[in-house]
Amino acid sequence: MAWFGKKKAQTPPEEENFISHLTELRDRVIRSLLVILILFGACFYVAPELMKFLAQPLQHALPPGSHAVFIAGEGAFFTLTKMSLLAAVLLSLPWVLYQAWAFVAPGLYAHERRFVGPLIILSVVFLLVGIGFAYSFVLPVAYKFFFSFAEKTGADVMQDLQRYWDFTLSIFFGFGLAFQVPVVEMLMIKLGMVSVDDLRQARRYVLVGAFIVAAVLTPPDVLSQFMLAIPLMLLYELGIFLGGFLSAHSQAPEDLPDDPSEESGAIVPAADSQVQQAGNDPSR
């Protein structure tokens, strides 16, 4: 029959390349999710002890004779589940970022890899510092402030741990995100979107914007907003300092080679170099 003589249609190289990238992306997402799932099981196993650790700022702030409770029985299950998931994501963050880095690194130039790699590490460090700052300083001060008003009324205080965790999660998210300000500033300077002088001139607007961002990222109380707005302004100044250091010790984008092989020091084959020399010979 006629169809026996037809050749099988070949997939275009561009489509094969796209499919291979999708396959690699799928594999790396699956690896990341598997690690998160394993760590979630481990964190859920020790979730009661983890909850005791995270509730220490609350326990120290409670008035004498008061104690924390779960108002509803299902509240303990859902609280421990959400807490275990967050802990699993934080613990797996280095592995997840490594998978993301391994996926995008082959398509970057050498100078981009030298910048993006440390920037990712710095972002994780600032994230953990922000969460640690919220746990060690913000939560104890905030709850002592809240309970001081309850004591003035003469009412007994029984803090629901489910509401405490919801409040703590919003505080962790707000401060972890706010502490990324220096990283964002360095990235914008590296991409040429702004200069260090532009950031210095925008200080007056940052002062207003810091309180607006704090009002959005934190619970609706004045103390939490002030405790986020002030670090935001300090972090902005830190970003200006790091951006100035980056500008002074980095190569301008227009001075960088367009070909990755030029920057990586790739050796041009002898045959190609002879052809180039022959083409440049004026006697020919």
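Note that the coordinates shown come from a computational prediction; the quantities given were computed from them, not determined experimentally. Note that the numbering runs from 1 along the sequence shown for the chain.
- Side-chain contact between Phe53 and Tyr135 is present, with heavy atoms from C-beta onward closer than 4.5 Å.
- Rounding to the nearest 0.5 Å places CG of Leu235 at 5.0 Å from CZ of Phe179.
- Applying the 6.0 Å contact sphere to CZ of Arg203 captures more than 12 heavy atoms from other residues, nucleotides or ligands.
- Met193 and Leu119 fall within a single hydrophobic cluster, where Ile, Leu, Val, Met, Phe, Trp and Tyr are joined by side-chain heavy atoms under 4.5 Å apart, directly or via other members.
- With rounding to the nearest 0.5 angstrom, the CD1 atom of Ile19 is 11.5 Å from the CZ atom of Arg26.
- Considering only heavy atoms from C-beta on, Leu58 comes within 4.5 Å of Gln159 through its side chain.
- By the rule that hydrophobic residues join a cluster once side-chain heavy atoms approach within less than 4.5 Å of another member, Phe137 and Leu128 end up as members of one cluster.
- Inter-residue side-chain proximity for Met186 and Leu122 is flagged as met; some heavy-atom pair is nearer than 4.5 Å.
- For the pair Leu199 and Ile189, the minimum side-chain heavy-atom distance is below 4.5 Å.
- Using the six-membered ring where Trp is involved, Phe211 and Phe226 have ring planes that are perpendicular, over 60° apart on the 30 and 60° scheme.
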Give the intermediate values and the outcome of side chain to side chain contact (heavy atoms under 4.5 Å, CB included) for residues Leu139 and Thr168.
CA-CA 7 Å; Leu139 287 177; Thr168 300; 3.7 Å; yes

Thr81 and Leu85: CA distance, side-chain angles, deciding distance, side chain to side chain contact (heavy atoms under 4.5 Å, CB included) verdict:
CA-CA 6 Å; Thr81 300; Leu85 180 60; 5.7 Å; no

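- Residues Val104 and Trp95 do not share a hydrophobic cluster, defined by chaining ILVMFWY side chains whose heavy atoms lie under 4.5 Å apart.
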Given Met83 and Leu80, is the side chain to side chain contact (heavy atoms under 4.5 Å, CB included) satisfied, shown in steps?
CA-CA 5 Å; Met83 182 185 59; Leu80 295 180; 3.5 Å; yes

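- Considering every non-hydrogen atom in both Leu228 and Gly174, the closest pair reads CD1-O, 4.2 Å.
- Nearest heavy atoms, Pro140 versus Ala61: O-CB, 4.2 Å.
- You'll find the side chain of Leu34 reaches within 4.5 Å of the side chain of Ile30, heavy atoms only.
- Listed by chain and residue number, nothing satisfies the salt bridge (Lys or Arg N to Asp or Glu O under 4.0 Å) test with Glu74 (two or more places apart in sequence, or in another chain).
- For the atom pair Arg200 CZ and Glu237 CD, the distance stands at 9.0 Å (nearest 0.5 Å).
- Between Phe133 and Phe175, the two ring planes are tilted [angle within 30° to 60°].
- Taking the six-membered ring where tryptophan is involved, the planes of Tyr143 and Phe147 are tilted, since the angle between them lies from 30° to 60°.
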Would you please test Cys43 and Leu91 for side chain to side chain contact (heavy atoms under 4.5 Å, CB included) and show each step?
CA-CA 10 Å; Cys43 291; Leu91 291 175; 3.8 Å; yes

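- Between Gln59 and Ala68, the shortest heavy-atom contact is NE2-CB, 3.9 Å.
- For residues 77-93, the pairs satisfying salt bridge (charged side-chain N to carboxylate O under 4.0 Å, His left out) are Lys82-Asp166, with sequence neighbours left out.
- Taken from CZ in Phe173 to CD1 in Ile131, the straight-line distance is 10.5 Å, to the nearest 0.5 Å.
- Looking at every heavy atom in both residues, Ala210 comes nearest to Leu232 through O-CD1, 3.7 Å.
- Both Leu90 and Leu169 are members of a single hydrophobic cluster when ILVMFWY side chains are connected at heavy-atom separations under 4.5 Å.
- Side-chain N or O atoms of Gln162 include none that pairs as donor or acceptor with a backbone N or O of Ala76 at under 3.5 Å.
- Interatomic distance, Asp197 CG to Ile240 CD1, rounded to the nearest 0.5 Å: 9.5 Å.
- Using a 4.5 Å cut-off between side-chain heavy atoms of Ile, Leu, Val, Met, Phe, Trp and Tyr, with links allowed through other members, Tyr236 and Val125 fall into the same hydrophobic cluster.
- Inter-residue side-chain proximity for Leu37 and Leu33 is flagged as unmet; no heavy-atom pair is nearer than 4.5 Å.
- For the atom pair CZ (Arg31) and OG (Ser92), the distance works out to 15.5 Å, reported to the nearest 0.5 Å.
- Inter-residue side-chain proximity for Ser123 and Gln180 is flagged as met; some heavy-atom pair is nearer than 4.5 Å.
- Side chain of Ser148 to main chain of Phe145: a donor-acceptor pair is present (N/O by atom type, distance under 3.5 Å, no hydrogens or angles).
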Yes or no on ring pair (Phe, Tyr, Trp, His ring centres under 6.0 Å) for Phe167 and Phe172, after CA distance, side-chain angles and deciding distance?
CA-CA 9 Å; Phe167 178 82; Phe172 283 175; 9.9 Å; no

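- With ring centers used as reference points, Tyr164 lies 6.0 Å or more from Phe70.
- No option in Leu97, Asp27, Leu93, Val96 other than Val96 meets the side-chain contact (heavy atoms from CB on, under 4.5 Å) test with Ser32.
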